[in-house]
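Naming convention: chains lettered A, B, ... in sequence-line order (proteins, then strands); numbering from 1 in each chain. Heavy atoms only: backbone and side chains are in, while hydrogens, waters and symmetry mates are out. Quick caveat, the model's predicted, so the values are computed rather than measured.
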Amino acid sequence: MTFGASALLWALGLVSVPVIIHLLNRRRYRDVEWAPMKYLKLSIRTNRRKIRLEQLLLLLVRTLFVAGIVLAICRPRISQGGGLDWLAFRAKVSRLIVVDDSLSTGARSGDNSSFSIARNAALKLVEAMDTDDSLTVIVASNPSRPIATSAQVGDQEARGGIVDAVRALQPTHTGTLWGEVLEQAGRHLTRSPYPVREVTIITDLRAVGWTDEVQRTATRLSTADVRLRIVDVGLSPVGNIAIVGLEMVSPVALKGMPCEFVAEVRNDGTGAFGPIAAELTVGESQRTVRIPRIATGETLKIPFSVTFREDGVQAIGLELPDDVLPLDNTRWHAVDVRGHLNLILVDGDPSTEAFQSETDFLQVAFTVGDVPWRVYAITDSEWLGNSIPEADLTVLANVGGLRSEHVERVEQLVRKGMGLVLFPGDQTDAESWNELLWKNGSGLSPARVMGVLEEATAGLVVEFENASPLEMLTRITPEAMKRIAAEKTLELLVPSDEAVRVLARWDDVDRNPAVIERRFGRGRVLMFSTTCDRAWTDWPTEPTWLLSIRESGLRVADRGVPGLNLEAGQAIVVPVGSARSEDPEVLPPGSETPVPLMVRSDDGPRTLVHEATAVAGVYRVTWKDARNKTVTRQFAVNPATGESDLEALDPRRIDKLLGPMRPTITHHSDLDRLIEGEGREIWRTLMTIALVMLLVESFLMVHVGRQG
Amino acid sequence: MAASSKYSDPEILARIGRLGLRARHAVQGTLAGINKSPALGQSVEFVDYREYAPGDDLKLLDWRVYARNNRYTIKLFEEESNLRATLLLDASNSMRYVGDRSAMSKYDYAATLVASLAHLMIDQRDAVGLMVFDEGQREWIAPSTKRMQLQRILDELEASEPERSTSIGSVLHRVADEIPRRGLVFLVSDLLCDLDELFDALGRLKHRAHEIVVFHLLDRDELELPFSGAVNFRDLEGSDEIMAEPRYFQSIYQDAMKTFTTEVRSRLSDFGADYLLLPTDDDLGAALSHYLNRRVRMASRGGRRAAPGGRARP
């Protein structure tokens, strides 16, 4: 026998109350001086046994009454098929089944996968349910939306609908946060019709996703007396090879130019993996990428390059051969391939003489050789007067005369992704700079200008920073770097800000910053502390100048359309703003039928949204623009990386996280026993017995002693 | 000066006083057939006059009254009255009991009853005596018709306190010896004693032609056992103690008490004795007047027959 509210079993001690009252009553007595003792004794003697029996009977009835009430409140349950079946009044239960459809359930052993076992277990549970119960089925990939719900499973049509919904379930590429799943399960149950509530989680019990949040939610649900059962459909942990990352290394993807990528492959297998050939798909074409030998437990980064022949958003995919978990063997990356980059060089001090303008050396750096730049060199007055055009990169060279409306426009463009490079000069006014560009640390400028240092300095030291725009310079010889010198530099105060980092310093006593970067919205700002002409430095005449400018410029330039790469479960969002966007549709991977996109405009610009991304692959979004031309954009949805780790959840951690709910954990092979042993509640029977005892007690109280 | 005592209840006396005359006739009538006193006119005390009736002894004519009033009256002397009543009062410890519903203890109730009867007898110029007893004779006041007799009786009633156990049988045997002449014997007791001994002694009294009236006093609690919860019963006339919950055997006890009173009534009826069960929460005046009324009606119907015993109805 089990109890639904076993915490109340302590109240069984109350059965001693009638006994205690009986004993106390015997201690509390009245003294009476009595004359007819002979007749008193006669009465007692005549019916001594009967009196004793009646007293015991009353005590028994009262004790049974208290015990009946207490046990009924504790919601006892007896096993089905046990000898006490006749006691059970069946209480209706609100049941919720959670089917784990996360990526890890795709793990196979022979012909079965954890997911197929989970699906079959769910079907079995649905078929075995009592007709009076209510049922809701949710999946771990989307717990807020039930896939099926029924107020009474007994209704044949409703049950059929639930069975069909469960049969149609497929595994996804998503990861699961079990705290959120349990929270949603609790919310569904609060809307359930019956007071007895039960959650059955069918899962492979992998460690990933079982965070401390689970414990907080479990504690809350345990106080609401929700029963928890877990059906373990995990197969024995086996080795898994997975592509856990696929990223573009090149700062910008340019048509016709090699674009560098790196794939991360992890070997959780029991032995070395490879060398093998992975299949790389770029658009319609395919080729192989060699994966070298990877030792067990190792993660290897495999670089490769792709030259895109067309511009626009394109997707590449890398695929390994199938293994025990094929769902994480393919990864995609969507790239916005640019035909060219637009670069605007703003000259703050133009000159007609050669190499006397601020931007002359910049033009040389950006236009020498085969480059993807379209360079527009304009004067500051032209730039300021033409409502500041968009570009992939804008360089302000010794530009003075900025006003706040200009700065606001530039801020807007940088936030959207435009790169900005700032060079000082003689026209640089510290006060004006700080007011318009620094803005106490909230502006575009990475640093506050304190003044001009008129001290000669020589040697540039590049800081080792992750993905630094000056990374290339780390390969330059120190001698070459020492030749970079300046007569004058800005004295800069660099804030302690996560968005700001010093990329290079002058090799002087104070190690003054030479090049500083700031992230601003989606864009980046580079600030040099010396001029881009020979006014303060001869650096533009050094060979290192060209490399520095071209590489750093490329790395801070606009990277193209954002949000093209997502994890399974994340929504695809396409901001369209006020632009016309008719008939938005999305074609999910593996499907031939497009589905409409949602259009949202709740708190800002209009966006096209698609949330059903549980399956990884390339999603093709299309819509018609103002010219009725179809716009296409591809999005790469990738498997949840963490789910590739098939480490089993430690039983001690299960206890820690779910202990308050005292779950029953059953292996899927014992599911039949779980179904049989569910038991039935007998609280109604006990309450009936208690009421009968109350009536009997009342009857006995009236009739005891009344009849001889 | 009228006799007074805490047991002289004016209401009761007023209620039964009017019956005294009838009672007297009834008593005289009841005694019809009983031997007249042989001691008439000799060394007896003059108590009263009455009008001459044909057949009266002319020796008893009071010539002085005739000379004064020209009326023929004869003197009545002590022995003229045939009624000699003896009141037997049980003053054992069991008479001490007073229940929650009673205004007085059994002894007080009994003493009031005895005082009332004594008043009645004295007022009727009948001789009345008193024996107070417990396990033996405690006090004996021989019957007398003197006015002082009443006060003596009342004083004795007040002075007595219930104590010791009950042994009515042996006492009644003594009474039989103390009152050789037949008369009325009133036994006022709870009769919580050996019934065989009692009836054996009553038989002796009966043999001596005494008329016996038994007033059976019991408290309502003793009849009904109304207690709830646990009670420790302590014997008033012994050392026994019984802890019990009366609720469990109340009906059995009531049956046992009913059997007891029925047996007493039945056996007294066999003796031809009067029996009156008096719960001490009953109105004594009403009960006594009802009983005396019944005796008067029986007397007026003629012949002496055993008055049915039983409880007096108010």
pair A:Val32-B:Tyr97: side-chain heavy atoms closer than 4.5 Å: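 A side-chain contact under 4.5 Å exists here.
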Working to the nearest 0.5 angstrom, can you tell me the gap between [X] [atom1] and [Y] [atom2]?
| X | Y | atom1 | atom2 | result |
| --- | --- | --- | --- | --- |
| B:Glu222 | A:Leu40 | CD | CG | 11.0 Å |
| B:Ser94 | A:Met37 | OG | CE | 12.5 Å |
| B:Asp235 | A:Lys41 | CG | NZ | 6.5 Å |
| B:Asp194 | A:Lys38 | CG | NZ | 7.0 Å |
| B:Glu237 | A:Glu33 | CD | CD | 11.5 Å |

Part of B:Tyr253 lying under 4.5 Å from any heavy atom of chain A: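 Backbone plus side chain of B:Tyr253, per the 4.5 Å heavy-atom cut-off to chain A.
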Heavy-atom proximity to chain A below 4.5 Å, by part of B:Asp221: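 Both backbone and side chain.
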Minimum heavy-atom distance between A:Ile44 and B:Ala244, given as atom pair plus value: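 Answer, listing the atom of A:Ile44 first, then B:Ala244: CD1-CB, 3.9 Å.
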CZ (B:Arg101) with more than 12 external heavy atoms under 6.0 Å: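 Yes, CZ of B:Arg101 has more than 12 neighbouring heavy atoms, counting only those of other groups under 6.0 Å.
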Greater than 12 external heavy atoms within 6.0 Å of B:Arg96's CZ: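 Yes, the 6.0 Å shell around CZ holds more than 12 heavy atoms from other groups.
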Side chain to side chain contact (heavy atoms under 4.5 Å, CB included) between A:Tyr39 and B:Leu192, worked out: CA-CA 10 Å; A:Tyr39 301 98; B:Leu192 295 174; 4.0 Å; yes
Verdict with supporting geometry, B:Glu245 and A:Tyr29, side chain to side chain contact (heavy atoms under 4.5 Å, CB included): CA-CA 9 Å; B:Glu245 282 192 61; A:Tyr29 59 87; over 6 Å; no
Chi angles and distances behind the side chain to side chain contact (heavy atoms under 4.5 Å, CB included) call for A:Leu53, B:Tyr248: CA-CA 10 Å; A:Leu53 271 173; B:Tyr248 290 104; over 6 Å; no
